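Scroll down for the structure; my scribbles are underneath it.
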There are 2 protein chains.
Amino acid sequence: MTVTLADVAARAQVSPATVSRVLNGNYPVAASTRERVLKAVDELDYVLNGPASALAAATSDLVGILVNDIADPFFGIMASAIQSEIGGPGGRAGGERLAVVCNTGGSPERELTYLTLLQRQRAAAVVLTGGAIEDAQHKAAMDAKLRKLADAGTRVVLCGRPQAPETGAIALTFDNRGGGQELTEHLIRLGHRRLGYIAGPEERTTTRDRLEGHRDALAAHGIEEDPRWTVHGRYDRRSGYEATLELLRRDPSLTAVVAANDSVALGACAALRESGRRIPDDVSVAGFDDLPFSVDAVPALTTVRLPLAEAGARAGRIAMGREEAPPGGIASVRGELMVRGSTAGPRG
Amino acid sequence: MTVTLADVAARAQVSPATVSRVLNGNYPVAASTRERVLKAVDELDYVLNGPASALAAATSDLVGILVNDIADPFFGIMASAIQSEIGGPGGRAGGERLAVVCNTGGSPERELTYLTLLQRQRAAAVVLTGGAIEDAQHKAAMDAKLRKLADAGTRVVLCGRPQAPETGAIALTFDNRGGGQELTEHLIRLGHRRLGYIAGPEERTTTRDRLEGHRDALAAHGIEEDPRWTVHGRYDRRSGYEATLELLRRDPSLTAVVAANDSVALGACAALRESGRRIPDDVSVAGFDDLPFSVDAVPALTTVRLPLAEAGARAGRIAMGREEAPPGGIASVRGELMVRGSTAGPRG
DNA sequence: CTGTTAGCGCCTTCAG
DNA sequence: CTGAAGGCGCTAACAG
């Protein structure tokens, strides 16, 4: 029914082993026999059986990519970059590798489940993107799982996620704290003293790091933070909208709103406008990430650009062993403050 | 070194066959033995070998998703929705299925290559998203490939892509033409007579359908189209920016610009503003898709909402055989005109 | 450079 | 309900 290696071998009048060799190209084969084999492959319309190949060779051409939300460009951009680097020569039979994108939705259980599934597939590598969940128990379970993956020969790379020592994983972390600090310092320099902060979900490293950076800046300038000025939400525009209304309710005199990311900032802008405030005349707004749409906001969003595509590409290369891991297995990737129209000095 | 089924069997004092049966849950097993097996699995920290399992059973738990660009929310949203529906019971050993997301970048070769790779993996299903490339030769190659996949038992579903008769694929198409027509009619009703159109890349069904809808509307209202009013570009904001400058150069008297999608529309807005035109006072702008950021544009974008998440979810269910295919194997999904602030009557 | 020989780890009839 | 046995399709030593 289905064509197998043996069929090709018979037609090309060689042994199955030879066919395997020309297909995998990892072994010397005479040009003439190779031709013959390729011809037979073509005539028979043969397609290698991946599972069988993976079983025999004890490796697969699958690379796992864990993301919180693939519909969010923040993750989409990284996933795309990772994917663009995992192909190329080196894989089995042709060198093309397949990206298995796993949408965890930020759920600890799904994260673990996907890792097990990837382990089951004997994935060649796994890249975990975005912040981690700050639950001690979950972290321990994750670390144990990552260690097992690494021990089984799967390369594990973290992209935009804090290092997990002792797991054998390579980490490319984002300097969220530094970026957050720079951003808030920018606002303080402009003269703001009453700053609202819309944080992401609690128990997330990204959320905490950015918030800590914000507080570092406030502290450095002797600004005492009012507890009313911080609200937690999700990383989407809807949440930014609602959180902003809440902030305005708590303290209508805020002159700036710093958002956990750009999507949240867009929601904040909408809420501010609806409440009759002008940006940046009445209230300044700042985001984080610098996603593609941020420059098109009106006014354009002041934000911290994270080199998502570059980091993803690098993570992909490291995962494939095509780039050396950074010294110590960890590298911090800095963000760049992008000052645009959404921030200005407070009125008066 | 690595734990196998046999190890688990030994520890649970049953045969490998029994272990396999409890793991796959497709066969009656006494509750007590099941307990014992599960306990052994747990104690040994056993993880099923996916490739071996797939080889023996001749099916896998992988589902392919082809997208043009995963960094684009248009595809990210569909991918996310598809993914959310492919899990659940029905798969091997636990019922979790893995989504293999393939970024084709709109390249015909990559599209074909990925399909072969998925075929090699014996994917359980494949969902192709977004418009197709309109090259006769490529189409023939694609159709042949889809047919082979279907014949091999892989369920093939098209989501937002025109039907491919004779391939055994189920199609959920978007009514791009109808949406395009409605959008332009809206502008015409507002009084516009000089409308620029920024089309997507040539040779794409989506591009052509939307453009044809636009022209249908013009024709229906007896508006003769000036060849200068149409420019082709890519589906990104940069392209929209450049195309708009080109349109303005060709005919500064345009009162409306219709863009191939929302990202292009954002770029158009930026170009118009930079050229000193107000939106919608001087020029109206319309997009397509209604991506999440479109409502946050200032002014908010008039566009055609495509139910991407719903369509993706449905495609996922059909791919998993959890929802019946539409009659005739094809269903057209309509868009909804979203009238917002970026369009208004022309001045004067 | 090429053929032979064993498995890789699991599933699935077939008996019992 | 459970065990035994064969094979899924391919690769990786070994020889030659």
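The shown structure was predicted, so the numbers you read here are calculated from the model rather than taken from an experiment. Residue numbers start from 1 in every chain, and the chains themselves are labelled A, B, ... in the order their sequence lines are given, proteins ahead of strands. Atoms considered below: every heavy atom in the structure, side chains included; atoms not considered: hydrogens, waters and symmetry mates.
- A:Ser15 has a side-chain polar atom (N or O) that falls below the 4.0 Å cut-off from OP1 or OP2 of C:dG3.
- Each of C:dG9, D:dT2, C:dG3 was ranked by its minimum atom distance to the side chain of A:Val14; first place goes to C:dG3.
- Taking every side-chain heavy atom of A:Leu55 into account, C:dG9 is the closest of C:dG9, D:dA13, C:dC11.
- Contact check, B:Thr18 against D:dT2: no side-chain N or O comes under 4.0 Å of OP1 or OP2.
- Considering only the side chain of A:Asn24, D:dT11 comes nearest among D:dT11, D:dA4, C:dG3.
- Residue order along DNA chain D, read from the 5' end via each residue's closest nucleotide, puts B:Ala17 first among B:Ala17 and B:Arg122.
- Considering only the side chain of A:Ala30, C:dC1 comes nearest among C:dC10, C:dC1, D:dT2.
- Close to C:dC11, at under 4.0 Å from its OP1 or OP2, lies a side-chain N or O of B:Ser20.
- Nearest to the side-chain atoms of A:Pro16 among the listed nucleotides D:dA12, D:dG3, D:dT11 stands D:dT11.
- Of all the heavy atoms in A:Ala311 and A:Leu172, the pair that sits closest is O-CD2, 3.6 Å.
- In this structure, B:Asp7 atom CG and C:dC8 atom C1' are separated by 14 Å, rounded to whole Å.
- Smallest separation of non-hydrogen atoms from A:Arg34 and A:Val29: NH1-O, 3.6 Å.
- B:Lys145 and B:Gln119 are linked by a side-chain donor-acceptor pair at a separation below 3.5 angstrom, with hydrogens and angles left out of the test.
- The side chain of B:Ala56 approaches C:dC10 more closely than any other nucleotide in the set C:dG3, C:dC10, D:dT11.
- Side chains of B:Glu111 and B:His138: a donor-acceptor N/O pair is present below 3.5 angstrom, by distance only.
- Phosphate proximity of C:dC8 to B:Asn49: absent, as no side-chain N or O sits under 4.0 Å from OP1 or OP2.
- Within the 4.0 Å cut-off from OP1 or OP2 of D:dG9, not a single side-chain nitrogen or oxygen of A:Thr4 is found.
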